Amino acid sequence: MTKTDNTRYSCLRMKTQKFIFISGGVISGLGKGIASASIGMLLKNKGYSVNFIKCDPYLNVDAGTMNPLEHGEVFVTKDGYEMDMDAGHYERFANIELTRDSGMTSGQVYLSVINKERSLEYDGKCVDPVPYLVNEIIQKIEEFAKKSNVDFILIEMGGTVGEYQNEIYFEAERMMKRKYDGSITHIHLVYLPIPHNLGEMKTKPAQQSVRILNGMGIFPDLILARSETHLDKQRIGKLALGCGIPEDFVFSAPDVSNIYEIPINFDKEGIVERILSRYKVKPNTTESNKLKKWNIALRKAKNAKRKIKIGIVGKYIASGDFNLEDAYASVLESIKHASWYYDVSPEIVWVDSEKFEEEKQLNNINCLIVPGGFGSRGVEGKIKAIKYARENRVPYLGLCYGMQLAVIEFARNVCNIENATSSEIDKNAKDPIIHIMTDQEKKILNRDYGASMRLGNWNCKIIDKKSNAYDVYKSDIITERHRHRYEFNNNYIDILINHGLKITGTTTDGKLVEIVELDKKVHPYFIGVQFHPEFKSSLINPHPLFLGLIKECI
Ligand code: GLN
C-alpha cells in the first residue's frame, strides 16, 4: 500500500491511533512473537498501517551483548539496533523494516530514569519505580506512536504473565487505559494442555492466567488459545465464562507444521475483523494480493517433496534455554524461503564446529553455510569444513564470520600463508588476514562493548559484473545489514587476488571489502559476504544470495 493510501485510511477511519497489547500466559514459548507478527500482517493486509514495539523484561540495554544460546539470535535493524529474534518475525511477516524505536528493555527504561535523576530532572523528588519507571515506558510508547504515525501499534509484552520481571509493563498498560480508553485492545495468548492420561483439553490454567492479569488491572479483550487442536464449543464456552470475554472473542490457535500457516489460519478465523469491530471499522482489502502471494508460496512449501541437504557449521549447537534453531533463526528462515521457491525441501545437517574432524560428516550435503559467529571456539572446525567445500566444489555461502574464515582458509591453503588468522582469534597474529581497525580497537581497550560494532545498513558496490554476486543481485549498488568488529585486511589484497580470490563487492568508497568469491570457472558458487543477508529474506521475497545457493544445489 502506498503512503497516500495509508494517510487516507488513517484520516477516514482511524481518528486516533490504536494500541494492541499482546501477552502470554500458562507457559513460555507459545509463539507470541509470531502471533503478534501475524496479526500485524493481517491488519496491514486489511488496509491499515502498523508498527511494533517489543517490551523485553531483561536488564540488558539491548540484545547485542547476549549469547544466542541465552536468548536466541540477535536480529539487527536497518539503523543498527540489536534486537531479539521477534523483530525478525515482525519484519518477515508484516513486510516492514523496523528501527531502534521498536525495542524497549527494562535496562533502557531504568538507565534513562537513573540518568534523569542524576541530572536533577525530577527536581529533588524521591524517584520511586511507580510512577517514574511506568511513566518512562508510557512516554516511550507515546513517542513511538507519534513518530511512526501508524493506525495500529502492536506492543508485545515479553515473558509470561505471573513473573515478577514484566509487571512494570502491565502497570504501564493499566495506566495508559485511563488516557486511551477505547483505543486499547489486549490479546492474551494462552496454552490449553491435553494431559495424556486424561485425554481431554483443560482450560483451568488459561483461566488462572487471566486472573493474574485481572489482578494487575488488565482485562483482556481477546483470547488466543494455543493447543494441539482446535477448541470445541464447550471449551470456548468455559474460557469465555471464566475469563469474562464474549465467546466470539475466543479463538483457537492450533499447532501447525509450518509457522507461515499461522496468519492464514488467523485470517480464516476472522480474528482481525473482530479486532476492527471493536473500533467500528471494516477491512479495506487493498493489499489482499499479498495474501495470495503468501498462499502460493505456502503451497509450494507443502508440495516441495524433493529434499536437499544443507550443512551448517556453527558453535551454538549445544542447547541451553533456547535451542540451536533459535540461535540461527534468520538463516534457517532464509534457507526455507529460497528452497521452497525452487520447490525443494531443505534438510539441515548440523555440524558442531568444535567436534568437526572428518570430511565424512559432509559427504552427502548439497551445499554448506558457515553463519556469523564470535570468538575463537570452534574456528578450526569451520575452516576445515570451508576447505572441503572449496576443494570439492560444494556450493558455499559464508555469512560474516563465514566470509572472514573463508578468506583465512584461502590464505592458508592456497596462498601458503601458514599463520593466516584473524586478530579476533590471536591478538598478536603474525598474519592477521582479518584485522581490527583503530576505532574498534579503542572500543575494545575501553571495554566499550555495547552497540559498538559496525552495525546496520551499509551500501555495497558490486565491482565485478561477471561475479556470482552480480548474477544474483543484478544491481551495482546493494544495501545490507552488518554486525561485526573485524574487517578484511587490505594489506593482503594483492597476494590473495594473485592466487585467485576475487573481491567482487566493496563499500562505496572502495575502502572495505564486502564480498569475496572464487571464479565461476574454478567453483560454481563460492561466496562470502561481510554482511548478514539473512535479515532481509522473507517468504514472498527470498534473498538473492540464498536463491543463488539453492539454485546451484539443484
Ligand atoms: N566475529 C566477527 C567480527 O566481529 C564476525 C561477526 C559476525 O559473524 N557477525 O568481525
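Nothing fancy with the numbering, it's 1 onward along the sequence. Since this is a predicted model, take the numbers as computed values, not measurements.
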Subject >> Nearest-0.5 Å distance that lies between atom CG in Leu368 and atom OH in Tyr388 >> reply: 9.5 Å
Original post:
If you draw a 6.0 Å radius around NZ in Lys300, do more than 12 non-hydrogen atoms from other residues or ligands fall strictly inside?
Top reply: yes
Subject >> Flag if over 12 foreign heavy atoms under 6.0 Å of OH, Tyr341 >> reply: no
Is the closest side-chain donor-acceptor distance between [X] and [Y] under 3.5 Å?
{"X": "His89", "Y": "Glu156", "answer": "no"}
{"X": "Arg92", "Y": "Ser330", "answer": "yes"}
{"X": "Glu97", "Y": "Thr77", "answer": "no"}
{"X": "Tyr58", "Y": "Asn60", "answer": "no"}
{"X": "Asn457", "Y": "Thr479", "answer": "no"}
{"X": "Arg485", "Y": "Ser452", "answer": "yes"}
{"X": "Tyr81", "Y": "Asp101", "answer": "no"}
{"X": "Asn265", "Y": "Glu261", "answer": "no"}

Taking the basic N atoms (NZ, or NE/NH1/NH2) and the acidic carboxylate oxygens, is any pair closer than 4.0 Å for [X] and [Y]?
{"X": "Lys384", "Y": "Glu380", "answer": "no"}
{"X": "Glu91", "Y": "Lys536", "answer": "no"}
{"X": "Asp267", "Y": "Lys46", "answer": "yes"}
{"X": "Asp86", "Y": "Lys32", "answer": "no"}
{"X": "Arg306", "Y": "Asp343", "answer": "no"}
{"X": "Glu409", "Y": "Arg412", "answer": "no"}
{"X": "Lys520", "Y": "Asp471", "answer": "yes"}
{"X": "Asp84", "Y": "Lys54", "answer": "yes"}

Counting the benzene-type ring for Trp, do [X] and [Y] have ring centres under 6.0 Å apart?
{"X": "Tyr473", "Y": "His543", "result": "yes"}
{"X": "Tyr260", "Y": "Phe93", "result": "yes"}
{"X": "Phe535", "Y": "Phe75", "result": "yes"}

**OP:** Can you spot which of Thr506, Ile433, Val516 makes a side chain to side chain contact (heavy atoms under 4.5 Å, CB included) with Phe488?
**Re:** Val516
Subject >> Qualifying residue for side chain to side chain contact (heavy atoms under 4.5 Å, CB included) with Phe144, from Ile155, Ile53, Val150 >> reply: Ile53
Subject >> Non-neighbouring partners of His484 that pass side chain to side chain contact (heavy atoms under 4.5 Å, CB included), sequence neighbours left out >> reply: Cys400, Gln404, Arg454, His482, Glu487, Gln530
